[in-house]
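Every heavy atom of this structure was used, including side-chain atoms; hydrogens, water molecules and symmetry mates were not. In each ligand, atom 1 is the first atom listed, and ligand 1 is the first ligand listed. Because the structure is predicted, anything quoted here is derived from the model rather than measured.
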Amino acid sequence: MVKVNVDMASSFIRAVLPRLACRHLKIGNNCNGRYLYGCNKRWVSSGSDLVQVEQDDSDNEIVVLKMNVKPVNACTAEFNNAMTKLIKDLDADEQSKGLILTSTLPNVFSAGLQLTALHGKSYDEIKEYFSTFQTMAHTLFTSRLATVAAINGHAIAGGCVIALCCEYRVMAEGKFHNGLNEVIVGIPMPAWVSAYTVYALGTNTAEKVILSGKKHTPREALQVGLVDQVVPPDDLIQVSKNILSDLIKVGDYPRRLSKERLRKELLMFSL
Ligand SMILES: CCCCC/C=C\C/C=C\CCC/C=C/C(=O)SCCNC(=O)CCNC(=O)[C@H](O)C(C)(C)COP(=O)(O)OP(=O)(O)OC[C@H]1O[C@@H](n2cnc3c(N)ncnc32)[C@H](O)[C@@H]1OP(=O)(O)O
């Protein structure tokens, strides 16, 4: 278990992190409410317009879940909580077997943490916000469902983490980036994110990817293992469905127990 100096972490979070991150992005503070957009699709129990769900196969076994937080799917606390609730609901629904995670936005899968949420907040508030993201990621990572990320645009930092929580990642060709740029924006990588990255990429590659903070093109992302496949944008969802169909062909009980055994060890990591 990694030990963190709590005082250092606390003063870092309060004093340095919001400034560094937002200076890097050139973004301001006043974003309250701007991400709350609606949509006319069918909804299943997310309790929020921030996550759109379609169960469009005839057996309702495959669920397509679309992140819908305009303009860049920054992970607000409300979004994180809605995702967590939704995945838990789907986990509890025996009919659901597989999940495709994608975005309603044409060029962005997710821009990661909502950096503006860090402005002017107390240590406890920021910690609480981080924990909503971590809970969402853990819930997705350990979901009993088979999971495929259909990455239809930029997947940066926390956006890349969300994809890494899935079992398989397909990315659309295009002028998009995929990467873990936390060290560039001034966030020391949390141990649990490193553990997930090591799990997906192997230790050596994960270290290079994390410590460089590099944002990869889809082809580069394929080379380092951040994604498993790159396809033309128009094929993204169908390819993802095909992969998911193969994944869920395997016997449900041995599959879910094996996934649980493989992944639960990683839950010991926190900061
Ligand atoms: C020791 C202490 C450590 C403690 C840590 C412990 C736990 C932490 C828990 C979890 C951490 C997990 C790690 C995750 C970290 C992160 O996710 S940090 C976030 C880093 N994200 C980025 O760097 C992405 C930045 N965005 C972009 O690169 C681009 O916006 C884009 C996604 C490529 C899209 O580009 P484009 O289509 O050109 O759109 P714009 O750049 O014009 O952006 C549109 C508006 O959206 C705003 N915005 C962009 N990203 C964010 C964001 N992440 N949060 C909030 N807002 C964002 C941008 O400012 C634009 O706004 P305006 O229109 O200008 O108002």
Side-chain angles (χ1 to χ4, degrees), residues 2-37 67 69-80 83-84 103-119 121 123-141 151-165 174-197 206 209-210 213-218 221 269-271:
V2 175
K3 289 205 167 66
V4 173
N5 180 324
V6 174
D7 288 341
M8 271 180 59
S10 159
S11 42
F12 179 85
I13 288 174
R14 274 183 284 123
V16 184
L17 193 151
R19 257 188 302 130
L20 276 177
C22 289
R23 191 190 309 151
H24 169 76
L25 288 171
K26 300 186 180 66
I27 50 185
N29 301 346
N30 187 17
C31 289
N32 289 346
R34 56 178 295 206
Y35 298 116
L36 305 175
Y37 285 75
M67 298 177 278
V69 192
K70 292 180 177 72
V72 290
N73 280 331
C75 301
T76 63
E78 293 81 2
F79 164 80
N80 296 336
M83 279 273 286
T84 299
S103 150
T104 58
L105 312 176
N107 296 314
V108 184
F109 179 75
S110 167
L113 293 187
Q114 186 199 20
L115 290 169
T116 44
L118 306 174
H119 274 290
K121 295 284 164 42
Y123 172 68
D124 284 343
E125 286 169 328
I126 292 176
K127 225 174 103 188
E128 171 57 28
Y129 166 63
F130 281 156
S131 81
T132 65
F133 181 81
Q134 185 171 356
T135 301
M136 182 261 287
H138 281 1
T139 307
L140 179 60
F141 186 75
I151 307 168
N152 59 321
H154 300 287
I156 314 288
C160 179
V161 175
I162 292 174
L164 286 172
C165 290
K175 292 186 177 169
F176 310 130
H177 284 116
N178 186 329
L180 297 167
N181 69 337
E182 279 81 349
V183 294
I184 305 287
V185 299
I187 297 181
M189 189 61 100
W192 67 268
V193 177
S194 298
Y196 284 14
T197 312
V209 165
I210 290 169
K214 183 177 169 181
K215 294 191 275 188
H216 304 81
T217 64
F269 291 96
S270 56
L271 256 190

At a 4.0 Å threshold, what atoms of ligand 1 neighbour a non-hydrogen atom of [X]?
| X | result |
| --- | --- |
| G112 | 17 (O) |
| Q114 | 54 (N) |
| P71 | 45 (C), 46 (O) |
| V185 | 23 (O) |
| I156 | 21 (N), 22 (C), 23 (O), 24 (C) |
| A157 | 15 (C), 16 (C), 17 (O), 18 (S), 19 (C), 20 (C) |

If only atom types and distance count, is the side chain of [X] paired as donor or acceptor with the main-chain N or O of [Y] below 3.5 Å?
| X | Y | value |
| --- | --- | --- |
| N178 | P218 | no |
| H154 | V108 | no |
| T104 | M67 | yes |
| Y129 | Q114 | yes |

At under 4.0 Å between heavy atoms, what of A111 touches ligand 1? The answer is both
Quick look: I187 vs ligand 1, heavy-atom contacts under 4.0 Å, and the answer is side chain
Give me the ring orientation class for Y196 and H138: parallel if the planes are under 30° apart, tilted from 30 to 60°, perpendicular past 60°.
tilted
Distance from I162 atom CD1 to M136 atom CE, nearest 0.5 Å?
4.0 Å
My understanding is that we take every heavy atom of each candidate and find the minimum distance to [atom]. Doing that for [options], which one comes out nearest?
| atom | options | value |
| --- | --- | --- |
| atom 10 (C) of ligand 1 | Y196, F133, Y129, F176 | F133 |
| atom 17 (O) of ligand 1 | V193, L113, N80 | L113 |
| atom 28 (O) of ligand 1 | K127, H177, H154, K215 | K215 |
| atom 23 (O) of ligand 1 | N181, I162, L115 | N181 |

[Y] and [X], any side-chain heavy atoms less than 4.5 Å apart:
| X | Y | value |
| --- | --- | --- |
| F130 | N80 | no |
| F176 | I151 | no |
| L180 | L164 | yes |
| V209 | H216 | yes |

If the contact criterion is a heavy-atom separation under 4.0 Å, does Q134 count as touching ligand 1?
no
Ligand 1 contact by V72, heavy-atom criterion under 4.0 angstrom
yes
Between M189 and ligand 1, is there a nitrogen or oxygen pair with a distance under 3.5 Å?
no
